[in-house]
Amino acid sequence: MKNQVISEMFERMADVLEFKGENVFKINAYRKASRIIQNLTEDIENIWKMGRLREIPGVGEGIAKKIDEYLHTGKMKKYDEVTHDVSDSLIELMNIPGMGSKTLSLVHKELGVKNLEDLKMVIEDGRLARLPKIGEKKVENIKRGIERLSVMRERLLLGRVLPLVEWIIEDLKKKTKVSQIAPAGSLRRMKETIGDIDILTAGKDGRRIIEQFTHLPQVKEILVSGETKGSIITHGGIQIDLRVVPEESFGAALQYFTGSKAHNIKLRDMAKSRGLKINEYGIFKGEVRLGGQAEEEIYSLLGLPWIPPELREDRGEIEASLEGNLPELVDYQDILGDLHIHSNYSDGTSSIEEIAIKARELGYKFVAICDHSQSVKYAGGLSEDQLLHQIEEIKEINERIDGIKILAGNEVDIKQDGTLDYPDSILAKLDIVIAAIHQGFRKQVTERMIKAMENPYVNIIAHPTGRLISGREGYGVNLDLILEKAAETNTLLEINAYYDRLDLNDINCRKAKKLGIRFSIGTDAHHVDQLWMIRLGVGVARRAWINKLDLINTYPLNELEDFLKMKIWNNYRLMK
DNA sequence: GCCGTTTTCGGCCCGACTGTTTTCAGTCG
């Protein structure tokens, strides 16, 4: 799949052209094409083979030709031409906050700066400050930018940030008289990683609200404190911005600060062609303000239904809205149970009973206990006897506790030879079987997973790519083959909601959905306090345009139990 | 370089803030 590499080439060209001072609109055209190609769920090579490159939005004659050339020859002349005389280390300097393309090219041209070392040097010896249009403050800015760059390199994980933001919002609600308050930005879109945190409020006394905000106990350092904007660093080193807007602009501001940028640009473009104008204060016709108190007003005045934040990535949601084809997304309240939880039988720390009681408190109808299997020694995998014992205990608790059904399950290891960690006779005793790779990440992972899916007792493949957001690359599976097999065998794919996994991710889920594959969400929780993470999984599902029917966590218990047996029944029919 | 219910040429999202400037360019989100 060449989508990624082609997308990166255009992004690179955009960066270099920006540095060279090319026409801004041309640069944006490359950026847009890059982003859209990155978001494609289809292999660009397939699209190319069908002669349909030009049907990709943002791909016109010129870019189509370049893609065609690259896919034919493995080369793109224009790319080489544009980038050959500019090094990576130079272009990377544009990432420094305060250092844009104009400043960089000035610094490069006048002082011969080629990398970070050079830049630091001309700051130290005062040559930078002597350039035209560069003053003391600008130098100071860049200097701080360099320091910040090294700190803020990494984006924050959604699952780390969400609880903190909600805590702060609750605190602010108690301490201030804000009429409305909500998180915005990529957090509200439930993106798996967050750049910076934006919270939006409506209220009259902005200065006072900001004052309260900057004096919360979580605050370590105040960066900005004004009438409409406050900015702080928490003890955990996370930057949070709070903005206060007038009540009548809350919807417009929420829409604006939620983004994404690409989604907003498209909306504004639409507004323009209808003689309207959108900004963070409202939607206008000439001088007349037509709305902006609620987000819905912005959308409805453009002839659109309100679009859920999770969809706002310019991945076709605006077009779908126009056609009346917006999906009916699964809702956070639709979840009736968590289908991947570890107990203290293996490496979890809560007892099955604790889990059942907590799940019932959460309003669930069922939970699946899926501990590790015997060969996963490092995680206390269960021997056959222990598993049988666990099944008995689950039966006993089910009889004793009302209002919740515990499903006896297991996260069965797919061993290095591709066989499963328990014989079928054991698997047959379980209500739900999740198969997973935990060892031998480099050994024929795709083939092993395919073999596992062929087993009629395997309902679900856990964390199918194995990636960890904060680090590990993943197993290097051939996902297309996995998806094909999952569709063929009616095997579900897991959306593992553990905050560092979120695997499958949104784009891959959407791809799978198009093949008719269904999903299950499991938190992979190892303690009852981690059960809340199911929301992260639902966020992924919503970002993947998934509806209730696609997700078995929304099925009433009896339908779920039937569904989980379907694969065995089908297999039985085939054998007859 | 893309694109078209005002356009096949002439547009291309919008505003705030900052700093270096005598009216605005650069950067950011």
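In this text the structure is predicted, and so the values were computed from the model without any measurement. Residue numbers start from 1 in every chain, and the chains themselves are labelled A, B, ... in the order their sequence lines are given, proteins ahead of strands.
Contact annotation: Asn28(A) side-chain N/O to dC12(B) OP1/OP2 distance is not under 4.0 Å. Lys277(A) has a side-chain polar atom (N or O) that falls below the 4.0 Å cut-off from OP1 or OP2 of dG15(B). At least one side-chain nitrogen or oxygen of Tyr281(A) sits closer than 4.0 Å to the OP1 or OP2 atom of dA16(B). Under 4.0 angstrom from either OP1 or OP2 of dG1(B) there lies at least one side-chain N or O belonging to Lys66(A). Side-chain nitrogen and oxygen atoms of Lys272(A) include at least one within less than 4.0 Å of the OP1 or OP2 phosphate oxygen of dC14(B).
As judged by a 4.0 angstrom heavy-atom cut-off over every strand, Glu22(A) is placed among residues making no nucleic acid contact. Counting any heavy atom pair closer than 4.0 Å across all strands shown, Ile96(A) reaches sugar-phosphate atoms only and no base atom. Nucleic acid contact for Val59(A): sugar-phosphate only, since backbone atoms but no base atoms lie under 4.0 Å from a heavy atom of the residue. Among the heavy atoms of the strands lying under 4.0 Å from Lys137(A) are primed sugar atoms or P, OP1, OP2 only; no base atom is included. Within 4.0 Å (heavy atoms only), Gly98(A) reaches sugar-phosphate atoms of the nucleic acid but no base atom. Phe257(A) comes within contact range of no nucleotide atom at all, as no heavy-atom separation falls under 4.0 Å.
A 3.5 Å limit on both hydrogen-bonding distances identifies dG15(B) as the Watson-Crick or G-U partner of dC28(B).
Spacing between dC14(B) and dC2(B) at atom P, rounded to whole Å, works out to 22 Å. Only the P atoms considered, dT6(B) is 15 Å distant from dC12(B), to the nearest whole Å. Using C1' as the reference atom, dC3(B) and dT20(B) are 38 Å apart when rounded to the nearest Å. If you take atom P in dT21(B) and the same atom in dG26(B), they sit 12 Å apart, rounded to whole Å. Nucleotides dG1(B) and dT5(B) are separated by 23 Å at their P atoms, to the nearest Å. As rounded to the nearest Å, dC28(B) and dT23(B) have P atoms that lie 25 Å from one another. Annotation: dT7(B) and dA16(B) have their P atoms spaced 32 Å apart (nearest Å). A gap of 25 Å separates the P atoms of dC13(B) and dT18(B), to the nearest Å.
Each of Lys261(A) and Ile27(A) was matched to the nucleotide of DNA chain B holding its nearest heavy atom; the match closer to the 5' end belongs to Ile27(A). The residue among Thr103(A) and Tyr30(A) whose nearest nucleotide of DNA chain B is located toward the 5' end is Tyr30(A).
In this structure, Phe19(A) has its ring center closer than 6.0 angstrom to the ring center of His108(A).
Classification of Arg188(A) and Glu295(A) as a salt-bridged pair holds, one side-chain N sitting under 4.0 Å from a carboxylate O. Using a 4.0 Å cut-off between charged nitrogen and carboxylate oxygen, Asp503(A) and Arg467(A) do not count as a salt-bridge pair.
Using a 30° and 60° split on the angle between ring planes, His72(A) and Trp48(A) fall in the perpendicular class, above 60°.
Other residues, nucleotides and ligands contribute more than 12 heavy atoms inside 6.0 Å of the NZ atom of Lys20(A).
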